[in-house]
*Asks:* 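My questions all concern the structure below.
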Amino acid sequence: MKVYLNGKFVDESKAVVSVFDHGLLYGDGVFEGIRSYDGLIFKLREHIDRLFESAHTIMLKIPMSKTELIDVVKQSLRVNKLHDAYIRLVVTRGEGDLGLDPRKCARPSVFVIADKIELYPKKLYEQGLELITVATQRNVPEALNPQIKSLNYLNNILAKIEAITAGYEEAIMLSHSGYVTECTGENIFIVSAKGGSASGGKGKHLLTPPPYIGVLRGITRQTVMELASAQRLHVKEELLTRHDLFNADEVFLTGTAAEIVPVVKIDGRVIGEGSPGPATKRLQQAFRQVTKTAGVRY
Ligand code: PMP
């Protein structure tokens with residue numbers, strides 16, 4: 001496999017960064033995960049824009065233009081002859097000294113890895129996932145805004161470890177005030193006839209926590225909200241409690257790597273009928289369709 005590293009494609013065995021890189025020493029850097037489906041890169045522009053926004057907020061100047069970076073993503077897929085792939089873009093603060101001071105880092109490191117990914121086995125998408133709520137709370141957004149997709153994922157990793165230790169694959173993280181935020185690398189949605197804790201109304205609602213409670217504005221999340229509106233679901237960002245999850249008709253997770261994962265049990269409570277629900281299945285189907293048609297060719 002060839003990896004793009006600071007201006008050239010090198011063999012993966014040669015794709016190494018310094019132990020003085022602040023991305024490694026302090027998690028000082030930003031990243032994106034992008035997918036390609038059958039030769040089409042999904043939501044490429046959105047991912048590149050989010051990477052540049054994350055970098056801008058941490059005052060990290062990406063040493064190339066968006067167009068150049070898009071070209072590198074396309075080249076990574078061509079060089080490795082990949083059609084269905086997962087692409088990881090990383091920009092670190094670069095090599096510095098042992099202090100925090102980013103001014104000591106003269107040049108950011110940029111690398112792009114294109115590889116295959118299967119986050120969960122296929123069976124799970126048909127049968128659904130069991131989740132638990134963990135004690136590790138999601139970072140308080142006032143302290144570390146989750147819109148910065150930084151290399152410092154320890155908050156999420158601690159939650160993941162808790163889930164794994166308890167015998168589960170994925171964790172629900174709550175906010176400081178006890179509201180549902182997201183999972184360790186996915187956004188969460190509920191389908192409910194009632195419309196959540198704060199609203200009434202008729203018809204099926206698709207609800208997901210608002211970004212201000214401390215969740216990443218996922219690109220898959222946005223896609224699913226658009227697809228759901230087209231399917232006449234009432235889509236809304238709303239504060240959700242565990243009670244709302246337990247009593248939802250359907251629950252699912254979204255993410256670039258995970259795509260749309262049905263959830264059938266949370267903290268021992270069966271969700272709906274205990275199997276992936278009709279709205280989730282319709283959205284999975286619509287999502288599959290959009291990934292086949294809406295990407296950027298390379
Ligand atoms: N939340 C977190 C914490 C994530 O890391 C991710 C993806 N890496 C998501 C949600 C899903 O975002 P997207 O759909 O843009 O991949």
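As the structure lists them, so they are numbered: ligands from 1, and atoms in each ligand from 1. Keep in mind it's a predicted model, so treat the numbers as computed, not measured.
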*Asks:* Who clusters with V235? Use side-chain heavy atoms, under 4.5 angstrom, across I, L, V, M, F, W and Y, and order the result by chain and number.
*Replies:* Y37, F42, F189, V191, L206, V224, M225, L227, L233, F252, I260, L283, F287, V290

*Asks:* Below 4.0 angstrom from a heavy atom of G218, which ligand 1 atoms are there? Numbered from 1 as shown, please.
*Replies:* 12 (O), 13 (P), 14 (O), 15 (O)

*Asks:* Step by step, would you call S192 with D249 a side chain to side chain donor-acceptor pair (under 3.5 Å)?
*Replies:* CA-CA 5 Å; S192 164; D249 296 336; 5.4 Å; no

*Asks:* Go through ligand 1 atom by atom and flag the ones less than 4.0 Å from a non-hydrogen atom of N187.
*Replies:* 10 (C), 11 (C)

*Asks:* So, Q285 and Q289: side-chain donor and acceptor under 3.5 Å apart, yes or no?
*Replies:* no

*Asks:* Is there a heavy atom in K149 that sits closer than 4.0 Å to ligand 1?
*Replies:* yes

*Asks:* Which atoms of ligand 1 have any heavy atom of Y153 under 4.0 Å away?
*Replies:* 3 (C), 4 (C), 5 (O)

*Asks:* In ligand 1, which numbered atoms sit nearer than 4.0 Å to a non-hydrogen atom of G185?
*Replies:* 1 (N), 2 (C), 4 (C), 5 (O), 6 (C), 7 (C), 9 (C), 10 (C), 11 (C)

*Asks:* When clusters are formed by joining ILVMFWY residues with side-chain heavy atoms under 4.5 Å apart, either directly or through shared neighbours, do L89 and L77 land in the same one?
*Replies:* yes

*Asks:* Which ligand 1 atoms, with their elements, are less than 4.0 angstrom from a heavy-atom of R138?
*Replies:* 3 (C)

*Asks:* So among D21, D28, D97, which one has a salt bridge (charged side-chain N to carboxylate O under 4.0 Å, His left out) with K104?
*Replies:* D97

*Asks:* Could you list the atoms of ligand 1 found under 4.0 angstrom from a heavy atom of T184?
*Replies:* 3 (C)

*Asks:* Does R50 have a non-hydrogen atom less than 4.0 Å from ligand 1?
*Replies:* yes

*Asks:* For ligand 1, which atoms sit closer than 4.0 Å to a heavy atom of T256?
*Replies:* 13 (P), 14 (O), 15 (O), 16 (O)

*Asks:* Hey, looking at atom 10 (C) of ligand 1, which of H47, E32, E182, R35 has the closest heavy atom?
*Replies:* E182

*Asks:* V110, F9: one ILVMFWY side-chain cluster at the under-4.5 Å cut-off?
*Replies:* yes

*Asks:* Among all the protein's non-hydrogen atoms, which is closest to atom 15 (O) of ligand 1, and how far away is it?
*Replies:* I219 N, 2.7 Å

*Asks:* Under a 4.0 Å threshold between the charged nitrogen and the carboxylate oxygen, would R107 count as salt-bridged to E95?
*Replies:* no

*Asks:* Side chain of Q127, backbone of L124: donor and acceptor closer than 3.5 Å?
*Replies:* no

*Asks:* Do K116 and D84 sit within salt-bridge range, that is, some charged N less than 4.0 Å from a carboxylate O?
*Replies:* no

*Asks:* Considering the heavy atoms of N156, write down every atom of ligand 1 situated less than 4.0 Å from one of them.
*Replies:* 3 (C)

*Asks:* Decide whether an N or O pair under 3.5 Å exists between C183 and ligand 1.
*Replies:* no

*Asks:* So which protein heavy atom does atom 14 (O) of ligand 1 come closest to, and at what separation?
*Replies:* T220 OG1, 2.6 Å

